[in-house]
K.L.:
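Before I ask anything, let me first share the structure, which is written out below as structure tokens.
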Amino acid sequence: DIISAADTFEAAGTDVIIDAGRWAGGDVRSALMRAADAVLVFARPTLSSAWAIRARLEEIRGGLSELGRGNFLSMVAVEGPTKPYTPSQVASSLGLPLLGTLPWDPRSAAVFSDGSAELNPSKLAKRPYARAIHSLSASLQTELDGRRRLLQDALDAEIGDI
């Protein structure tokens with residue numbers, strides 16, 4: 001299954017990112033979220049986007065919290081042509097930490113999502129979207145490293161108590 005495959009890649013030192021698309025309550029992909037080291041919700045800073053996420057968020061948060069992973073949930077804002085709210089305002093209204101933002105750039109995003117070859121690598125690297133992806137990756141790595149340190153500290157403390 002896909003979770004076993006992801007575990008195999010992770011054991012080999014490869015990060016696994018799965019885009020689960022729009023999630024719905026009772027979705028069969030819920031097992032992926034429960035097995036994940038991080039769950040990122042992507043949202044535009046608009047009322048309609050926040051409302052659509054809010055409708056599903058409690059079930060997502062509840063499923064993660066049951067496993068002690070309630071803090072594995074963060075938001076990434078996708079800044080679009082309309083900006084009625086700031087990314088921080090939307091994240092705060094949803095009760096989610098804001099991991100970072102991505103600029104609205106469908107052409108660059110297609111390289112990552114669809115393997116589009118429309119932009120050559122040297123041009124892509126200079127675009128704000130690619131720089132934002134690298135920044136998000138670094139932020140996520142910092143977050144995951146912090147969780148691993150906390151887990152290791154807890155294990156060390158438990159072993160010391162034996």
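All residue numbers refer to positions in the sequence shown, counting from 1. Just the heavy atoms: all of them, side chains too, but no hydrogens, waters or symmetry mates, feed the values below.
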K.L.:
Sequence neighbours left out, what passes salt bridge (Lys or Arg N to Asp or Glu O under 4.0 Å) with Arg147? Give chain and number order.
P.N.:
Glu143
K.L.:
Do Leu40 and Leu67 sit in one hydrophobic cluster, given that two such residues count as connected whenever their side-chain heavy atoms are within less than 4.5 Å of each other, even indirectly?
P.N.:
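Shared cluster, no.
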K.L.:
Could you work out, with side-chain contact (heavy atoms from CB on, under 4.5 Å) as the rule, every residue matching Val39, not counting sequence neighbours?
P.N.:
Met33, Ala36, Leu64, Leu73
K.L.:
Treating Ser139 as the side-chain partner and Ser135 as the backbone partner, does any N or O pair qualify as donor plus acceptor under 3.5 Å?
P.N.:
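Checked: pair present.
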K.L.:
Can Leu96 be reached from Leu47 by stepping across I, L, V, M, F, W or Y side chains whose heavy atoms are under 4.5 Å apart?
P.N.:
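Hydrophobic grouping puts Leu47 with Leu96.
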K.L.:
Nearest 0.5 angstrom please: Leu136 CG to Leu99 CG, how far?
P.N.:
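Nearest 0.5 Å value for the CG-CG distance: 5.5 Å.
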K.L.:
With ring-ring contact (aromatic ring centres under 6.0 Å, His included) as the rule and sequence neighbours excluded, what pairs involving residues 28-63 come up?
P.N.:
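Non-adjacent pairs meeting ring-ring contact (aromatic ring centres under 6.0 Å, His included): zero.
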K.L.:
Phe112 and Leu102: same hydrophobic cluster, using ILVMFWY side-chain contacts below 4.5 Å?
P.N.:
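Linked, Phe112 and Leu102 end up in one cluster.
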K.L.:
What pairs with Arg127 under side-chain hydrogen bond (donor to acceptor under 3.5 Å, both in side chains), at least two apart in sequence or on another chain?
P.N.:
Asp105, Ser108
K.L.:
Quick one: does Ser49's side chain have a donor or acceptor within less than 3.5 Å of a partner on Arg44's backbone?
P.N.:
yes
K.L.:
Listed by chain and number, what are the side-chain contact (heavy atoms from CB on, under 4.5 Å) partners of Ala77, not counting sequence neighbours?
P.N.:
Met75, Pro87, Leu98, Thr101
K.L.:
Atom CG of Leu140 and atom CG of Asp37: how far apart are they, to the nearest 0.5 Å?
P.N.:
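Going from the CG atom of Leu140 to the CG atom of Asp37 covers 9.0 Å.
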K.L.:
Compare all side-chain heavy atoms of Leu94 with those of Ile53 and state whether any distance is below 4.5 angstrom.
P.N.:
yes
K.L.:
For Pro103, enumerate each residue passing the side-chain contact (heavy atoms from CB on, under 4.5 Å) test, keeping only those at least two apart in sequence or located in another chain.
P.N.:
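Checked Pro103 against side-chain contact (heavy atoms from CB on, under 4.5 Å); matches are Pro128, Tyr129, Ala132.
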K.L.:
Which pair of heavy atoms, one from Tyr85 and one from Val90, lies closest together, and at what distance?
P.N.:
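Looks like CB-CG2, 4.0 Å.
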K.L.:
Go through the structure and list residues passing side-chain contact (heavy atoms from CB on, under 4.5 Å) with Thr86, not counting sequence neighbours.
P.N.:
Ser88, Gln89
K.L.:
Rounded at 0.5 Å granularity, tell me how far CD in Gln152 sits from CG in Asp145.
P.N.:
13.0 Å
K.L.:
Asp153: what forms a salt bridge (Lys or Arg N to Asp or Glu O under 4.0 Å) with it, not counting sequence neighbours?
P.N.:
none
K.L.:
Show me the pairs that pass side chain to side chain donor-acceptor pair (under 3.5 Å) and involve residues 61-76, at least two apart or across chains.
P.N.:
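As it turns out, the side chain to side chain donor-acceptor pair (under 3.5 Å) pairs with a partner in residues 61-76, which skip direct neighbours, are Glu58-Arg61.
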K.L.:
Not counting sequence neighbours, which residues clear salt bridge (Lys or Arg N to Asp or Glu O under 4.0 Å) with Arg54? List them please.
P.N.:
none
K.L.:
Sorted by first residue and then second, give each ring-ring contact (aromatic ring centres under 6.0 Å, His included) pair with at least one member in residues 56-76; sequence neighbours left out.
P.N.:
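The answer is none; no pair qualifies.
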K.L.:
Tell me the ring-ring contact (aromatic ring centres under 6.0 Å, His included) pairs involving residues 136-162, sequence neighbours left out?
P.N.:
none
